[in-house]
Amino acid sequence: LDHSHTNHNTPKQFLGCLKCPIDPQKVVEWMSDMNAMFELPWSPRYSQTGESMSADDQSSMGYWALAATIAFTIVVFSFEGNLDARQKDAYLQTTFPKQLEQTVSKIDEERATAKKEAKKEDEDDDATKPLLPQMQSKFQNAQSYGLDKINFGMISSSFDTLQAVLMLIYGFLPYIWDLSVSIGTERFGWTEKDNEIKISLIFLLLTTLLGTVTSLPFELYSTFQIEKKHGFNKMTLGLFFTDKLKSTVLTFLIGGPFVSLLLYIIKIGGPYFYIYVWGFMFVFSVFMMTIVPVFIMPLFNKYEPLEDSDLKRSIYALADKLKYPLTKLFVMDGSKRSSHSNAFMFGFGNNKRIVLFDTLLTQVRDEEILAILGHELGHWKLGHTLSNFVITQLYFGAAFYFFSLCYTSDELFAAFGFNDSSRPTPTIIALLLFFQTLWAPVDKVLSFLLTLFSRYNEFGADRFSHGLGYSSQLQSGLVKIHLENLGAMCPDPWYSMYHYSHPPLVERLGAMMALDNSKKQA
């Protein structure tokens with residue numbers, strides 16, 4: 001710029017020539033809006049009456065409800081984000097973990113000794129090769145896979161948190177509910193007072209479709225970018241969207257009647273409705289445990305009987321030994337979607353079934369599959385399956401009991417935009433807000449305690465399989481599965497304690513080796 005013809009004798013004259021692009025009055029108005037936004041009590045932008053609630057209109061619960069919910073959401077996000085950052089640092093390590101190296105080398109030594117004693121020196125197939133070199137060769141791949149997943153998870157959780165906070169601030173729930181009422185009234189002639197359950201189904205339809213749309217890009221990226229990049233994804237786009245369509249249809253076919261019955265029981269149950277709801281949840285849980293493996297899972301995967309073989313006979317012999325009423329043994333075409341492997345059991349009463357992923361059959365030896373099933377059967381024999389079911393039912397009972405205590409708390413629901421006193425708070429909204437506000441901290445604590453309980457049970461099932469004489473086979477089998485799935489080889493201890501339902505591999509191997517040493521000393 002040419003300033004040769006400009007002559008500013010004083011700073012005041014110079015500043016006077018400048019034109020500020022920001023209107024000071026606008027700045028004052030923005031600061032005023034921000035000050036009003038952070039003044040308690042907070043109110044969503046959209047409400048049923050279009051008015052914000054004043055401090056005089058609200059109880060202490062209503063006064064703090066919206067602000068406390070947003071604050072708790074952000075605190076949880078920050079805490080879990082810190083754990084994610086710790087795990088990300090662990091994935092950036094380039095040195096193979098020393099403890100894992102020492103542990104797996106001991107497994108290799110034991111396997112080499114056993115192989116020599118069995119006079120199988122000439123056997124050189126992949127199943128009996130030393131495990132440590134394989135783990136070391138795949139260490140960087142596992143680190144890269146974990147890093148991609150943790151980075152993606154941090155972005156996904158940031159989006160979810162931002163979305164949740166914005167929905168609270170802008171009054172998403174009252175807006176969608178009023179929209180549902182409008183659709184029900186204009187299209188079907190339903191009224192909010194007489195047809196609340198039907199309008200609730202419209203509400204769930206809208207929220208489910210919106211959730212499906214917003215989560216779809218993340219699911220696509222996870223499946224066709226991360227999982228494909230690391231060699232796990234086997235799905236096509238056609239199969240992906242077919243699965244998505246089936247899942248959505250099943251959600252409506254099962255979820256619609258379930259929600260309708262739940263809301264109906266709450267509305268007619270009186271002050272002790274939580275008892276009837278508890279019973280209903282118990283019946284529904286048993287119903288789902290019965291139909292899911294028999295009717296729903298076959299819609300997504302093919303289940304074929306395991307062909308007659310030594311493995312099949314050994315599995316039935318193991319089941320008979322433990323008095324496990326095994327009636328059917330299936331192989332599932334897991335490779336149709338992913339190269340990840342697994343095995344699981346299901347069934348009620350004397351009609352038990354075991355399912356093996358076809359990928360598992362190619363990744364481990366028969367005796368290692370027996371060791372893994374010994375672990376799974378240990379969960380059943382030790383009562384872990386039953387205890388988890390009982391804990392789930394107690395959770396439902398406690399949650400709905402406390403919900404009954406605040407079901408009629410109009411002040412709480414008014415704080416989130418349902419502030420029209422001439423309209424009753426919808427039951428579905430009361431449920432959603434209860435679990436999102438008052439129950440959310442309880443749920444976080446209980447989830448963490450259940451994670452610790454699950455880890456304890458995993459150690460117990462490992463001990464059970466060890467007691468069956470499968471210690472070395474379970475150790476090598478776990479290492480192979482970990483290898484094939486590119487599991488974390490150096491997980492952060494705080495991250496794993498908070499998130500992992502199963503103990504880290506090195507801890508499980510170390511615990512079994514300690515049992516081996518105790519057995520030798522005895």
Side-chain angles (χ1 to χ4, degrees), residues 42 44 60-90 149-169 172-173 207 211 214-215 218 262 274 277-278 281 285 384 387-407 409 412-413 415-416 428-458 488 491-504:
W42 291 4
S60 57
M61 181 183 293
Y63 186 86
W64 290 99
L66 182 57
T69 301
I70 293 176
F72 177 75
T73 302
I74 294 174
V75 167
V76 170
F77 168 74
S78 301
F79 172 73
E80 294 182 349
N82 179 261
L83 294 180
D84 289 343
R86 291 177 61 95
Q87 182 58 40
K88 181 176 179 177
D89 289 340
K149 287 198 300 180
I150 201 72
N151 284 333
F152 175 75
M154 293 172 76
I155 295 173
S156 178
S157 62
S158 298
F159 174 83
D160 290 340
T161 302
L162 178 62
Q163 183 185 48
V165 170
L166 290 178
M167 284 181 171
L168 289 170
I169 292 175
F172 172 79
L173 287 181
T207 53
T214 55
S215 64
F218 294 94
L262 176 64
Y274 60 90
V277 169
W278 193 6
M281 294 300 295
S285 298
H384 298 164
S387 63
N388 286 334
F389 181 78
V390 171
I391 289 172
T392 300
Q393 299 312 308
L394 291 175
Y395 173 88
F396 286 144
F400 281 103
Y401 168 73
F402 284 104
F403 170 67
S404 71
L405 300 181
C406 63
Y407 177 38
S409 177
L412 173 64
F413 308 129
F416 293 89
I428 186 68
I429 296 299
L431 271 171
L432 290 174
L433 288 178
F434 167 75
F435 282 102
Q436 190 175 6
T437 57
L438 299 179
W439 192 251
V442 178
D443 185 65
K444 279 294 178 183
V445 173
L446 291 179
S447 295
F448 175 64
L449 293 177
L450 289 176
T451 298
L452 296 180
F453 181 65
S454 173
R455 290 161 66 102
Y456 173 80
N457 286 344
E458 291 302 321
D492 176 78
W494 292 101
Y495 180 89
S496 63
M497 182 176 67
Y498 184 78
H499 285 291
Y500 286 10
S501 61
H502 288 56

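Computed from a prediction, not measured in an experiment: that's the story for all the values here.
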Steps toward side-chain contact (heavy atoms from CB on, under 4.5 Å) verdict (Gln436, Met167): CA-CA 12 Å; Gln436 190 175 6; Met167 284 181 171; over 6 Å; no
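- Counting only distance, with no hydrogens or angles, the side chain of Trp278 and the backbone of Gln393 share a donor-acceptor pair below 3.5 Å.
- The distance from the CG atom of Asp492 to the NE2 atom of His499 is 10.0 Å, given to the nearest 0.5 Å.
- Every residue two or more places apart in sequence or in another chain that forms a ring-ring contact (aromatic ring centres under 6.0 Å, His included) with Phe159 is listed here: Phe218.
- Atom OG1 of Thr451 is separated from atom OH of Tyr500 by 12.5 Å, given to the nearest 0.5 angstrom.
- Residues Leu431 and Phe400 meet the side-chain proximity criterion, which asks for heavy atoms closer than 4.5 Å.
- The structure places CZ of Phe453 at 13.0 Å from OG of Ser501, a figure rounded to the nearest 0.5 Å.
- With hydrogens and angles ignored, the 3.5 Å screen pairs no side-chain donor or acceptor of Ser156 with any backbone N or O of Gly153.
- Considering CG of Asp84 and CG of Asp89, their distance stands at 11.0 Å, rounded to 0.5 Å.
- Atom-to-atom distance recorded for Ile150:CD1 and Gln87:CD is 5.5 Å, nearest 0.5 angstrom.
- Put simply, the residue from Phe396, Tyr401, Phe434 that forms a ring-ring contact (aromatic ring centres under 6.0 Å, His included) with Tyr274 is Tyr401.
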Indicate every side-chain donor-acceptor pair of residues 69-78 with a distance under 3.5 Å to a residue at least two apart or in another chain.
unit_1, atom_1, unit_2, atom_2, d
Thr69, OG1, Ala65, O, 2.8
Thr73, OG1, Thr69, O, 2.8
Ser78, OG, Ile74, O, 2.8

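- A donor-acceptor pair under 3.5 Å is absent between the side-chain atoms of Thr161 and the main chain of Ser158, judged by distance alone.
- No side-chain heavy atom of Leu450 sits less than 4.5 Å from a side-chain heavy atom of Tyr395.
- Within 6.0 Å of the OH atom in Tyr456, the count of heavy atoms belonging to other residues, nucleotides or ligands does not exceed 12.
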